[in-house]
Amino acid sequence: MNNDNTIISVDNLKTYFYTNERCNKAVNGVSFKIKKGRTLCVVGESGCGKTTLGKTILQLVKATAGEAIYDFEGEKKDLNQLSDKEMMKARKKLQIVFQDPHSSLNPAFTIFGSLQDPLKKFGVKSKAERKKIIGDLLEDVNLRREYMNRYPHEFSGGQRQRIGIARALSVEPELIVCDEAVSALDVSIQAQVLKLLQDLKDKRNLTYLFITHDLSVVEYISDRIAVMYLGKIVELADSDDLYQDTLHPYTEALLSAIPVADLDHKSDRIILKGNVPSPIDPPSGCPFHPRCPKEFAKCSKVIPELKKYIIDGREHYAACHLLDQK
Amino acid sequence: MAKHRKSKLDKKMDEIKRKEEAGLLGGESYNRAINKFKNNHLALLGLILFSLILLTSIFAPLISPYKPGTIDVLNRLKAPSLSHVFGTDQLGRDVFTRVLFGGRISILVGLGSALGAAFIGVLIGSYAGYKGSWIDKIFLRISEMFMSFPRMILVLMLVSILGQSLWNLIIIFILTGWGSVYRMVRSQMLSIREEEYVQALRAFGLSDFVIAYKHMLPNAIAPILVNITLSTAMFILQETSLSFLGLGVPLNIATWGNILNVAQDLNVLRENWWIWLPVGLIISIFVFSINFIGDGLRDSTDPSQQG
């Protein structure tokens, strides 16, 4: 693997929440790498730990164990172990776009009021300069620069989401975590925002960690896909490979659930039994085995590891006992 | 034809649009809040009544024809007349003068205690509510201690240690009053801190103080304002009951509470309405006016409400 290009390398990252002596293993040993300028999509059902993963990388939630090595212009450092001063630097490199456009902007401030404090912190002293920067940012996300004097309630959901993107861009980050960034929008606005994200990525050479549950969105934006189930990655591959040579039964079930706009299309949908088990009390062995249509004896006993398989000369990671049998 | 005649609304919209394009609109959010407050008639009325009562109390020596403590036994229990606008009480003191001078103490106690309690409660509550963890737990227990402690016993204790005085009363009110404000602000902050904009600010690594006091507090201000107005009224009335027990402000100093207390005498209540009715009305009007101001402030600081 070409290591020089890797912007972030997450290794065995774990985030546990403790409640009343019970342990919620929200993120339970996740490893992946993202190359500079690429998009990694993390998909999975609600409650599988996608959002916690994103927040852990940004240090909004403290990691329990594991590493997240970030490449600070050649200097590789673990985000979980940064000093306060180094963290300041990291804040400038990593940013986040949130899911809910209604709660992601402060209702008591104008857009300028909301966006100016981060700039102040990162050394833009004069008000006129901050005004100019925020105006430029708004234009970059296809809004008018006068909008900075408006309050959040004066915008539509799509506009707010674009302001959220502008805010993330304001410190000129390298890696943006998009936490369900388009899930709350309707389809036509979704397309707009996705296109905007794509354009910005090309223009500013951004890297995305795109968290979503919507596979039709994934198809559009991703270079690489990680499928999560109960805090673990069960399959990880370049997006084309994942769609064509699906290895894990859970991924198969997810892909079969994508609606197709074709009346003659006969869907052979795989319906999963039951619900996602609680991460507080995960099943023994493979976390997916109680719902897996292809479950066999070994599955309930041994936890499968994420292993590398080579398909047509390309790397493909999956965690399933079935694959070892073949 | 409709094209030629632009409606008033159209013209207004054009004007707004022109201003916005020129970058003139907004930025002056204070002006906006003031305008909204001005358009709120009840709030304006409240402000006028409040200032009227406040100013007459402050300038009481200039307005009242008598000295507050002057006893005139010959003219006791006189009904309102030209020389005594509100009549006189059992000791022949001019009630109007006493109401004016009483306002000074009562407003100081009521508003001072309410603002003091709110200040401490907000100061601690915002930060502890945002940070959570052990800071919050400690202050929660402390506030419970203060709130569960009977106010009367605390007053007795402090009065016996420090002596009976106005300032002791205010200190006691603040000590026993900040807990409820703290808990309210804290619970507000607990819900606000889960909002995504707070997460976003944290992702920029802004300091906790900036996030808690500058960005989160404005969203929690509405219930705080309501609380201040309500507790002002409560403190005025509590001062009354404490004064009655001889534990509040010394009895020789006129306060609204002291004046009202006379109505505990059934004879006074039946026969001498002029002693308790005017001061009762003024207390009500004062509390109302604060309530109106509080409501007006709440609405004018909320940007999603158009004035």
Side-chain angles (χ1 to χ4, degrees), chain A residues 51 54-55 57-61 84 87-92 94-115 117-122 127 131 135 144-154 160 163-164 167-168 170-171 173 176-177 179-180 184, chain B residues 16-33 36 126 130 132-133 188-189 191-222 224-225 297-307:
Chain A
T51 298
K55 286 189 176 168
I57 290 171
L58 275 156
Q59 304 295 310
L60 292 175
V61 175
D84 289 354
M87 198 62 230
M88 262 272 287
K89 244 162 93 190
R91 296 280 184 214
K92 220 168 150 16
L94 293 118
Q95 269 306 315
I96 185 163
V97 176
F98 287 100
Q99 171 174 18
D100 181 4
H102 295 276
S103 97
S104 66
L105 294 170
N106 191 339
F109 286 92
T110 59
I111 302 308
F112 176 73
S114 283
L115 265 61
D117 271 2
L119 289 176
K120 239 192 247 172
K121 183 184 155 93
F122 290 108
K127 192 176 175 185
K131 265 204 162 130
R144 285 162 54 187
R145 60 190 318 134
E146 304 93 72
Y147 287 180
M148 72 170 86
N149 292 324
R150 290 193 182 179
Y151 284 92
H153 71 268
E154 294 169 289
R160 286 190 214 201
I163 294 164
R167 173 175 59 196
S170 66
V171 290
I176 296 183
V177 175
D179 182 4
E180 303 263 13
Chain B
I16 289 172
K17 212 172 162 193
R18 193 186 60 73
K19 270 192 187 164
E20 186 172 72
E21 270 161 13
L24 291 172
L25 263 195
E28 312 133 8
S29 54
Y30 291 107
N31 272 343
R32 186 172 164 150
K36 254 198 261 179
S126 309
Y130 168 61
S133 76
Q188 287 274 316
M189 290 308 240
S191 78
I192 294 173
R193 79 168 181 201
E194 299 303 322
E195 301 267 322
E196 285 174 344
Y197 64 85
V198 178
Q199 302 282 324
L201 291 169
R202 285 182 56 208
F204 283 112
L206 289 185
S207 86
D208 292 337
F209 292 102
V210 175
I211 296 179
Y213 292 113
K214 186 174 174 190
H215 288 265
M216 288 166 74
L217 191 55
N219 292 297
I221 209 83
I224 298 171
L225 287 173
L297 280 179
R298 185 195 58 202
D299 292 346
S300 67
T301 49
D302 179 359
S304 63
Q305 290 208 22
Q306 297 299 324

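Both backbone and side-chain heavy atoms feed into the values below; hydrogens, waters and symmetry mates do not. So you know, we letter chains A, B, ... as the sequences are listed, proteins then strands, and number each from 1.
Looking at A:F112, neither its backbone nor its side chain comes within 4.5 Å of chain B, counting heavy atoms on both sides. Neither the backbone nor the side chain of A:K92 comes within contact range of chain B, judged by heavy atoms closer than 4.5 Å. Residue B:V210 touches chain A through its side chain alone, counting heavy-atom pairs closer than 4.5 Å.
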So B:Y197 and B:H215, ring-ring contact (aromatic ring centres under 6.0 Å, His included) or not? Walk me through it.
CA-CA 9 Å; B:Y197 64 85; B:H215 288 265; 7.9 Å; no
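Contact count against chain B (heavy-atom pairs under 4.5 Å) is highest for A:L105 among A:I96, A:D84, A:L105. Between chain B and the residues A:V177, A:D100, A:L58, the largest count of heavy-atom pairs under 4.5 Å involves A:D100. Of all the listed residues (A:M87, A:M148, A:R150), the one sharing the greatest number of non-hydrogen pairs under 4.5 Å with chain B is A:R150.
Looking only at atom types and distance, the side chain of A:D179 has a donor-acceptor partner in the side chain of A:T51 under 3.5 Å away.
How far NZ of A:K127 is from CG of A:L119: 13.5 Å, rounded to the nearest 0.5 Å.
Within 6.0 Å of the NZ atom in A:K121, the count of heavy atoms belonging to other residues, nucleotides or ligands exceeds 12.
No side-chain heavy atom of B:I211 sits under 4.5 Å from any side-chain heavy atom of A:D117.
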